[in-house]
Trainee: 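My questions all concern the structure below.
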Amino acid sequence: MSGTRKVLVIGGGIAGPAAAMALQKAGIEAVVYEAHAATADGTGAFLTLATNGVNALRTLGADEPATAAGFATTANTMWSGTGKRLGTAAVSMTLADGTTGYTLKRAELYKALHDQAAGRGIRIEHGKRLVAAEPIRGGVRAKFADGTDAVGDILVGCDGIHSTVRPGIDPNAPAPSYAGLINLGGYARGVRMGADPGTYHMIFGKRAFFGYAVAPDGEVWWFANVPEPAEPARGSLTSISTRQWQQRLTGLFAGDAGPATELIQATGHDLAASPVHTMPRLPTWHTDRMIIIGDAAHAPSPTSGQGASLAIEDAVLLAKCLRDLPTPAQAFTAFEQLRRPRVEQIVKQAARINNNKAATGAARAFRDVMMPVMLPLFVRFVANGKPGKHLYGFRIDWDTPTPPAGA
Ligand SMILES: Cc1cc2nc3c(=O)[nH]c(=O)nc-3n(C[C@H](O)[C@H](O)[C@H](O)COP(=O)(O)OP(=O)(O)OC[C@H]3O[C@@H](n4cnc5c(N)ncnc54)[C@H](O)[C@@H]3O)c2cc1C
């Protein structure tokens, strides 16, 4: 046991509440400080919680409330913009015990984890935006924008891709990298689809990428990735109206096979667009008293379908390391050694797929020729072979003590 008694968890998104619950399970008190005044919003987006994420939540006894908010998604069919079926793969590999991946609204996952943590007596303070963190004798002090502060033995930064904790740990840390894509998503009603509920359909269109899945109630959940080589200025996308987005998207998908334009037109709510960022390899994840996990440390592109699941895995493993090793520094070192190879491999794979989505000019022409040949081989290899088991079947053994790094 690291002697850690009180942990300041910064960020109440996905990694934050999961870390607080895992720490509580390890016998360590944690308080969550969230910048937003209410439970963090999910900006309307939805995500897939892969089987490895479900497994990690199961370790915390928190999988059922989360998955109850979504629907099982098991298959992923890829199409070219001309309507050619490129291949089908498991979205997230159904495990031998029947565990599947789920699709759920990001805000619903936030709420489920928040409610679980609060229900276990974990303190979650809202309206606490961290502005600085400093080491003090035997611990760390967090300073918030409202002028208050808090003191703990260690601080865990779960504050997402635009993390404030990250530069506090390493002032030279690289900034998040723009992936050349704008993401939008929505929910369409009243469109009759031939597709089975729980199957994703992904279309590599001529000008942009489109994906959708039919929910059990018939609502169609869709998203679009629009190539945009120049990174939009922060906040600039909010000035584009829903009408303008609908017109632009309809133009981009005109001529592609599939229901993209119909679904976009049948969406009755406002559309929110966001640039896609990833977090490239970070040389430093921790000091002796502070560490970052989740998107703050290693954000894969949404393409991977793994960001939330990796954040939950991080949370569970970090708590286990703190439970088992004598000092926070040793726990952090062991955690990093165990996590880096896995998360960096997933970030790299997702970046490769992103490049295909964002391809323009000659690269796009090459992609369109190669995709029908390579993709079926790739999806079979990743989803149904050894790499798939490694990715989706990953399980943290909570009961076995963590050895020190290098042991
Ligand atoms: C459009 C989109 C689609 C995605 N699709 C998928 C998918 O299909 N599957 C998947 O697994 N992942 C997906 N992701 C990624 C996934 O949402 C993230 O990987 C996941 O949310 C990371 O969790 P986190 O807790 O590390 O960060 P976040 O969920 O971003 O939470 C960070 C929290 O910290 C708070 N915060 C920020 N700064 C401060 C501060 N200074 N002080 C206090 N609090 C602060 C924020 O308000 C927020 O609540 C998608 C992401 C996007 C944008």
Side-chain angles (χ1 to χ4, degrees), residues 8-20 31-54 56 66 70 73 76 91-92 101-107 109-111 113-114 124-133 142-146 150 155-168 176 179 181-186 200 202 211 213 221 223-225 272-279 292-315 343 346-347 350 391-392:
L8 310 178
V9 173
I10 307 300
I14 294 171
V31 180
V32 180
Y33 299 92
E34 164 57 43
H36 284 126
T39 303
D41 81 280
T43 59
F46 60 90
L47 51 74
T48 54
L49 185 63
T51 42
N52 50 305
V54 176
T73 20
N76 195 347
V91 171
S92 170
Y102 283 80
T103 293
L104 61 169
K105 292 180 183 166
R106 211 162 153 219
L109 179 57
Y110 280 173
K111 185 173 175 328
L113 295 179
H114 179 280
I124 302 180
E125 295 202 14
H126 288 104
K128 294 286 178 189
R129 179 172 293 280
L130 182 93
V131 287
K143 295 182 173 176
F144 301 104
D146 64 2
L155 181 149
V156 180
C158 304
D159 52 345
I161 192 157
H162 300 292
S163 169
T164 303
V165 178
R166 186 169 55 227
L181 292 168
I182 309 280
N183 184 81
L184 296 104
Y200 268 100
M202 306 284 194
W221 297 20
F223 69 92
N225 290 160
S274 53
V276 174
H277 286 100
T278 62
M279 196 56 234
I292 40 176
I293 64 170
D295 271 11
H298 51 68
S301 96
T303 296
S304 68
Q306 279 289 332
S309 298
L310 290 181
I312 300 164
E313 286 180 9
D314 279 0
V343 300
I346 292 168
V347 169
L391 176 59
Y392 300 120

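FYI, the numbering just counts along the sequence from 1. Remember, predicted model here, so these are calculated numbers, not experimental data. Just follow the structure's listing: the first ligand is 1, and inside any ligand the first atom is 1.
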Trainee: Just to check, does F144 reach to within less than 4.0 Å of ligand 1 when the distance is taken from its heavy atoms?
Mentor: no
Trainee: Given D314, L49, N183, which has its nearest heavy atom closest to atom 1 (C) of ligand 1?
Mentor: N183
Trainee: Say whether T103 and Y200, considering side chains only, have a donor N or O and an acceptor N or O under 3.5 Å apart.
Mentor: yes
Trainee: Using a 4.5 Å cut-off on heavy atoms from C-beta on, say whether the side chain of P17 contacts that of E34.
Mentor: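 No, their side chains stay 4.5 Å or more apart.
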Trainee: With backbone taken as N, CA, C and O and side chain as the heavy atoms from C-beta onward, which portion of T48 lies under 4.0 Å from ligand 1: side chain, backbone, both, or neither?
Mentor: both
Trainee: Could you check whether any side-chain N or O of D159 sits under 3.5 Å from a backbone N or O of G11, counting only pairs where one atom can act as donor and the other as acceptor?
Mentor: no
Trainee: Can you check whether V276's main-chain N or O pairs, donor with acceptor, with N183's side chain at less than 3.5 Å?
Mentor: no
Trainee: So, N52 side chain and S309 main chain: donor-acceptor pair closer than 3.5 Å or not?
Mentor: no
Trainee: So which bit of F223 gets within less than 4.0 Å of ligand 1, heavy atoms only: side chain, backbone, both or neither?
Mentor: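 Answer for F223: neither.
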Trainee: Which ligand 1 atoms does Y33 reach within 4.0 Å, using its non-hydrogen atoms?
Mentor: 43 (C), 44 (N)
Trainee: Run down the list H162, H36, K128, M279 and name the one with the heavy atom closest to atom 43 (C) of ligand 1.
Mentor: K128
Trainee: With a 4.0 Å cut-off on heavy atoms, is A299 touching ligand 1?
Mentor: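 In this structure, A299 fails to qualify as a contact of ligand 1 - no heavy atom is under 4.0 Å.
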Trainee: Between L8 and L130, is any pair of side-chain heavy atoms under 4.5 Å apart?
Mentor: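 Sidechains of L130 and L8: no contact.
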Trainee: Ignoring hydrogens, just give me the one of C158, G11, A35, A19 whose non-hydrogen atom is nearest atom 32 (C) of ligand 1.
Mentor: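 Of the listed residues, C158 has the closest heavy atom.
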Trainee: Could you work out, for atom 27 (O) of ligand 1, the closest of G127, G160, A273, G101 by heavy-atom distance?
Mentor: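 Looking at heavy atoms only, G160 sits closest to atom 27 (O) of ligand 1.
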Trainee: Using a 4.0 Å heavy-atom cut-off, say whether L47 meets ligand 1 through its side chain, its backbone, both or neither.
Mentor: both
